[in-house]
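Values reported hereafter were calculated over all heavy atoms of this structure, with side chains retained and with hydrogens, waters and symmetry mates removed. So that the names make sense, note that chain A is the first sequence line, chain B the second, and so on, each numbered from 1.
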Amino acid sequence: MKYHLITLGCQMNLSDSERVSAVLEQMGYERTEKEEDATLLGMLACSVRQKPIDKVYNKIAQWNKWKNKRNVITFISGCVLPADKEKFLKLFDLIFPMSELSQLPDMIRNYGVVNAASLQTPKPVMPKNEHIVDLWHIKPKYESTYEAFVPIQNGCDKFCAFCAVPYTRGREVSRPSEEIIKEIQHLVQQGYKSITLLGQNVNSYGLDKNGEEITFAELLKQIGQYGKLSGEEFWVYFTSPHPQDMTRDVIEVIAEYKCLAKQIHLPMQSGDEKVLIKMNRRHSMEKYRRIVSDIRELIPEATLFTDIIVGFTAEGEEEFQNTVAAMNEFKFNMAYIAMYSPRPGAASYRWQDEVSQDVKKDRYHRLSETMRTHTSEYNRQLVGKTFRLLVNGSDRKTGFSTGLTEGKLNVRLDRKAPELKGQIVDVKITSAADFSLSGELVLQEEKIES
Amino acid sequence: MSTEVMQAIRIDETFYKVKEIRRLTDETFSLKLPGGRFKFKAGQHISLGIQGDYQSREYSIYSGENDENLEVLVKEVKEGYFSPKLSHLKKGDLVEVNGPFGKFKIEEKHIPDNKFVFIASGTGIAPFRSMVRTYPELDYQLIHGVRYGHEAYDKEEYDPERHILCTTGDKEGQVHGRLTKYLKRTSFEKNTHFYLCGNSNMIFDALEILKNKGFDRDHIHCEVYF
Ligand SMILES: Cc1cc2nc3c(=O)[nH]c(=O)nc-3n(C[C@H](O)[C@H](O)[C@H](O)COP(=O)(O)OP(=O)(O)OC[C@H]3O[C@@H](n4cnc5c(N)ncnc54)[C@H](O)[C@@H]3O)c2cc1C
Ligand code: SF4
């Protein structure tokens, strides 16, 4: 009894897929990477972008052809817009929101009795998330032995004009803090080194519970205190926070506790006030500037990552220049730059996509170039310094081991050391490139001598 | 509980029977639905769907927090997809309501010591009616920009001293011209919170004027419709 699972989209879906695997494996299914061998074929979809949706349609067309020869069951879950859900109902055998994952075994067992048509509703409704806690009770089957993602919240109440997530994932619901802390303790005891708290708006954690749950700052503090007590070395990250709900106390807590990684991913999306308004981001550049200034003051060593969209409706050259100016001001260590493309389900999908593809491409390149000058300058001043490095893979060309610093800077080591994968080691930076670093492993003996 | 049963319960919760369509102009109407099924804050919006249609759109809540009915104010966009469908609804038809959503609301602790200036274009007046109906003690001024005087939706509900109508297409408003003309020539007190709602071009222009007048960006709240 084998299953094959395809996960599309963001880290949230990846984290959910670990729970789907756990449920299926408890039923006795064994995972296979060869879809031809599987009798159960599933997908965690992402309606938020067009490409993954195209992939879903291609895959299911192929799987449905196999049905003539083999007895297979297909299912789909994840981030699905109502309009896609309607179409999927006709293509997949089973479709369910993640909050109802605990019922998947029943759905599979009863398949033949319960079929897609009997699960069909007159109109697919927005996920209500009342049952999301059931999902969190499912112990995930972690894909890695040293890096894990821990969901702390699901859904989003922000309604950025370019984003469909509030429609696919429903309202913000926070996971009980005791459960989160327990999962983290368990991971640390198992030797996990990098733990990322996941949510669409991690820093509005607890706000949906009207005072009955701790705040995000308090949650981080409890994790920090546990880290201190445990004596273990591990790094806790979070993604993504929203500038609107970012408070100074969150930054103070990160500064105070060693296990809270000194890397902050703070999506900016645009450096222009008007574009931010049209994007419905609900924070001003002043607010963004205040947060960055708090980070620089309290955690000067922190690296700063961001997300930026170029070519959004209402972005003329002047507005784009404000984003370039913001890039020059904040000197991000990494900016995930995306060219705007209207996403079905989002409010801006109905607005005219005013900026041509050529202009978007040009802005993308210009902004990437601006970022490059800053990352290159930053990386160069790291040469000669020693960092802790989590070894996580190897360079495709040379086979030399690679890893990430606590600040999530990529470093290539001077040797092949597969035995170090998943360990935190010392590395001395020997050279710097625009977006990566090279370094030599500092062996324990050398450390003692020096 | 089976998935089917659970989904059936959800459908009951989100579907509402239209109680009334109240025509305000040829193009604009208010859709009345039964109220009281969920709590909301004045200024928030809902997402509205029509049974059998897979699209939905956002609409600010036009009624007050304690009103008997849940109301939205809709302008029929002639080339639009959804608003013409809403316009053809009849009493008893089913619509799907999700929400409430959004952060465009008043901090109640600010009410006693602050002034509120509401700046709206067209149906952007909707959240302000909800606020005015919810907080009778509010020290507010409502600046409403429309083309013609008859588009001053439910004008009689507002204190005439607090309601400034700006019309570009006729001379029925106190101000003949865009609302930005009024904003430029008016001075506001320091302890004022500004709420801007409607089309983005109006919001950008008004924001610029207010910033130039020295108002703190944190005291200027915006809700963009398009
Ligand atoms: C948070 C939020 C709250 C909203 N609240 C309201 C509300 O209270 N009342 C309301 O009428 N609309 C409101 N809207 C707009 C509404 O959601 C729809 O966009 C509108 O009804 C048009 O939908 P449509 O399918 O008919 O047009 P579409 O086919 O989607 O065409 C969209 C185009 O219609 C035009 N348009 C959109 N809204 C308006 C409008 N209000 N007046 C004039 N032209 C418009 C714009 O040019 C826009 O690009 C709100 C939008 C948002 C994001
Ligand atoms: S905060 Fe904005 S971008 Fe992030 S998930 Fe919510 S709506 Fe989407």
If you take all heavy atoms of A/Lys278 and B/Phe204, which pair is closest and at what distance?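 Shortest heavy-atom separation between A/Lys278 and B/Phe204 comes out as CB-CZ, 4.0 Å.
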If you compare all heavy atoms of A/Ala347 against all heavy atoms of B/Glu58, which two are closest, and at what distance to 0.1 Å?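 Minimum heavy-atom separation between A/Ala347 and B/Glu58: CB-OE1, 4.3 Å.
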Could you tell me the separation between the [atom1] atom of [X] and the [atom2] atom of [Y], rounded to the nearest 0.5 Å?
{"X": "B/Lys103", "Y": "A/Ser204", "atom1": "NZ", "atom2": "OG", "value": "6.0 Å"}
{"X": "B/Arg217", "Y": "A/Leu276", "atom1": "CZ", "atom2": "CG", "value": "8.0 Å"}
{"X": "B/Phe101", "Y": "A/Cys156", "atom1": "CZ", "atom2": "SG", "value": "10.5 Å"}

Answer yes or no: does atom [atom1] of [X] have more than 12 heavy-atom neighbours from other residues, nucleotides or ligands under 6.0 Å?
{"X": "B/Lys39", "atom1": "NZ", "value": "no"}
{"X": "B/Tyr81", "atom1": "OH", "value": "yes"}
{"X": "B/Asp26", "atom1": "CG", "value": "no"}
{"X": "B/Arg147", "atom1": "CZ", "value": "no"}
{"X": "A/Glu317", "atom1": "CD", "value": "yes"}
{"X": "B/Glu137", "atom1": "CD", "value": "yes"}
{"X": "B/Lys213", "atom1": "NZ", "value": "yes"}

Select one option (side chain, backbone, both, neither) describing which atoms of A/Arg290 are under 4.5 Å from chain B's heavy atoms.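 For A/Arg290, side-chain heavy atoms alone lie under 4.5 Å from chain B.
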Can you check whether A/Arg282 reaches B/His221 side chain to side chain, under 4.5 Å on heavy atoms?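 The answer is no, as the side chains (C-beta and beyond) never meet within the 4.5 Å cut-off.
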Beyond-backbone contact of A/Asn280 with B/Glu223, side-chain heavy atoms, under 4.5 angstrom: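 Heavy-atom side-chain distance check passes, below 4.5 Å.
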Under 30°, 30 to 60°, or over 60°: which ring-plane class applies to A/Phe159 and B/His45, parallel, tilted or perpendicular?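 Plane angle over 60°, so perpendicular.
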Checking heavy atoms, do the side chain of B/Tyr225, its backbone, both or neither come under 4.5 Å from chain A?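 When you check distances to chain A, only backbone atoms of B/Tyr225 fall under 4.5 Å.
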Ignoring hydrogens and angles, tell me if any N or O in the side chain of A/Arg350 forms a donor-acceptor pair with the backbone of B/Gly80 under 3.5 Å.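 Judged by distance alone, no pair lies under 3.5 Å.
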Picking from B/Ile203, B/Asn201, B/Asp218, which has the most non-hydrogen pairs under 4.5 angstrom with chain A?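 Max contact count across the listed options: B/Asp218.
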Would you sort out whether A/Glu286 and B/Asp216 count as a side chain to side chain contact (heavy atoms under 4.5 Å, CB included), showing the intermediate values? CA-CA 10 Å; A/Glu286 267 166 52; B/Asp216 188 349; 3.5 Å; yes
Heavy-atom pairs under 4.5 Å with chain B: which of A/Asp157, A/Ile277, A/Leu81 has the most?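 It is A/Ile277.
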